[in-house]
Amino acid sequence: MAETTYAKGLEGVIAAESEVCQIDGARGKLYYRGYSIEDLAEHASFEETTFLLLYEKLPTKDELDDFSQRMRAARGLAEPIQSMIRQFPPAGSPMELLQSVISYLSSSVEHQIRHSTTCNCRDTLHQIAQLPTVLAAYHRFREGKSYVEPRSDLSVGANFLYMLRGEEPTPEEGRIMDICLTLHAEHGFNASTFTARVVASTYSTCYCSISAAIGALAGALHGGANERVMDMVEEIGSKDMVDAWLDKALGERRKVMGMGHRVYKAKDPRSIVMEKMLTDLSKQRGDASLYEMLKQIEKGFRVRMEEKGKPIYPNVDFFSGAVYALLGIPRDLFTPIFAAARSPGWLAHILEQRKDNRIFRPKALYAGPEPRAYVPIEDR
Ligand code: COA
């Protein structure tokens, strides 16, 4: 009998087994390989989190030292890549630039995957170590500034801010940036991770998989909500305009950016960590106006949604745009930073896919015309 049903967008379909990430949407919990996001944010660096994702365990001190050294040694950009960034068309997006750099880097690697099911991404660490440097260089070049060599005595987050600004950030700023990367490092079978796994399942290289994943993340339905939160803040203008704006926006059935989540039906645990960092940063800056505005939006939205019996909570994007803005990061780098932060998660899934591979090959429910006679062009 012909099948007649399917899951649009694969919603609710379990497409693989995975040991990388557990999301408990009902209780608002997130774990990378069994470790809670709260513990990782508080105790682990982005490098340690990356090791956990790639090697399936927390590193010993020696393992972490060795791994950090390898990651840091891989940060610098070769001259041809710097020149490629300089010459990238100004109308191009930084996400396209990241895809191009990944493809370029791929050509310098002898890919093991052509001969076996393993992958050399853990050896080169290209996708994780170089992307923050690419973004910092991209921003500096477009401002007419020079390339800043990465420093090997700074964490990934601190070094990114250093390369972006050309000045060392405060230890607090560096730590906040590092935690932002950790919070975005992995999140289960979302569209970009699934894309990476589909490409990996064909035995294509990890570079092709990551480039495809970046392409998936570039779409408006996946990355980018934090940029739109900041657009929304700008559109509202001031705290006293929040209620009127909410009434109008919800009346027009517009979505309030940074609110709600397909999986979390409680507060997104990452938003709680983000909010704390935003309050810390606001205090350091002596200006809490952005934070207060966001809280006003959160409160006004909650009240209105509760009246409709639909409690909706902030997601990770609600506070992250403001954190990045206070760190001086331009808005169009928010999604590319997400890509750089997510690369360890993508690679962990690529490695997992290869360990027990079966090429993805779902079916479609055919809804086209029945077989029919070809019509010669002069008779159409
Ligand atoms: N603003 C206004 N209404 C919202 C909302 C938001 N941010 N999020 C959910 N709702 C509404 C839905 O439209 C739905 O209303 P309905 O019952 O009249 O159809 C109801 O609340 C329940 O929605 P729910 O099923 O919980 O969410 P969803 O799975 O349909 O949508 C998102 C999830 C993420 C797509 C949605 O919340 C959204 O678009 N958020 C804003 C964009 C954003 O921040 N994205 C980043 C996600 S990490």
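For ligands, and for the atoms within them, numbers begin at 1 and follow the listed sequence. These numbers come from the heavy atoms of this one structure, side chains and all, not from hydrogens, waters or symmetry mates.
Using bins of under 30°, 30° to 60° and over 60° for the plane-to-plane angle, the ring pair Phe67/Tyr55 lands in the perpendicular bin. Ring planes of Phe360 and Phe194: perpendicular class, angle over 60° (limits at 30 and 60°).
Counting atoms of ligand 1 from 1 in the listed order, those under 4.0 Å from a heavy atom of Ala225 are 43 (C), 44 (O), 45 (N), 46 (C). Below 4.0 Å from some heavy atom of His261 lie the following atoms of ligand 1, by number and element: 33 (C), 34 (C), 37 (O), 48 (S). Close contacts of ligand 1 with Asp317, meaning ligand atoms under 4.0 Å from a residue heavy atom, involve 46 (C), 48 (S).
By the 4.0 Å heavy-atom criterion, Lys308 is excluded from the residues contacting ligand 1. Ligand 1 lies within reach of Phe301, whose nearest heavy atom is under 4.0 Å from it. Within the structure, ligand 1 has Arg253 among the residues with a heavy atom less than 4.0 angstrom away.
In this structure, the protein non-hydrogen atom closest to atom 21 (O) of ligand 1 is Ile312 CD1, 3.4 Å.
Here the CG atom belonging to Leu164 is positioned 8.5 Å from the NZ atom belonging to Lys145, to the nearest 0.5 angstrom. Separating the OG1 atom in Thr335 from the CD atom in Glu227 is a distance of 4.0 Å, to the nearest 0.5 Å.
Under the side chain to side chain contact (heavy atoms under 4.5 Å, CB included) rule, Pro344 has a single partner from Thr50, Thr49, Leu52, which is Thr50.
Of the protein's heavy atoms, none falls inside 4.0 Å of atom 35 (C) of ligand 1. Protein heavy atoms all stay at least 4.0 Å away from atom 32 (C) of ligand 1.
Considering both main-chain and side-chain atoms, Met257 never comes within under 3.5 Å of ligand 1 through any nitrogen or oxygen pair. Note: no N/O pair closer than 3.5 Å links Met305 and ligand 1 by distance alone.
Of the options Gly309, Gly258, Ala220, the smallest heavy-atom separation from atom 44 (O) of ligand 1 is shown by Gly258.
Only side-chain heavy atoms of Lys265 come within less than 4.0 Å of ligand 1; its backbone N, CA, C and O stay farther off. Contact annotation: for Lys255 versus ligand 1, heavy atoms closer than 4.0 Å belong to both the backbone and the side chain.
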I would like to know whether His349 and Glu186 meet side chain to side chain contact (heavy atoms under 4.5 Å, CB included); could you show each step before the answer?
CA-CA 9 Å; His349 279 275; Glu186 164 57 13; 2.7 Å; yes

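Nearest heavy atom pair, residue Asn315 against residue Gly260, reads ND2-O, 2.8 Å. Shown here for Ala348 and Leu53, the closest heavy-atom pair between the two residues is CB-O, 3.3 Å.
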Distance-only donor-acceptor pairs under 3.5 Å for side chains of residues 10-21, two or more places apart:
{"unit_1": "Ser18", "atom_1": "OG", "unit_2": "Val20", "atom_2": "N", "d": "3.2"}
{"unit_1": "Ser18", "atom_1": "OG", "unit_2": "Glu352", "atom_2": "OE1", "d": "2.7"}

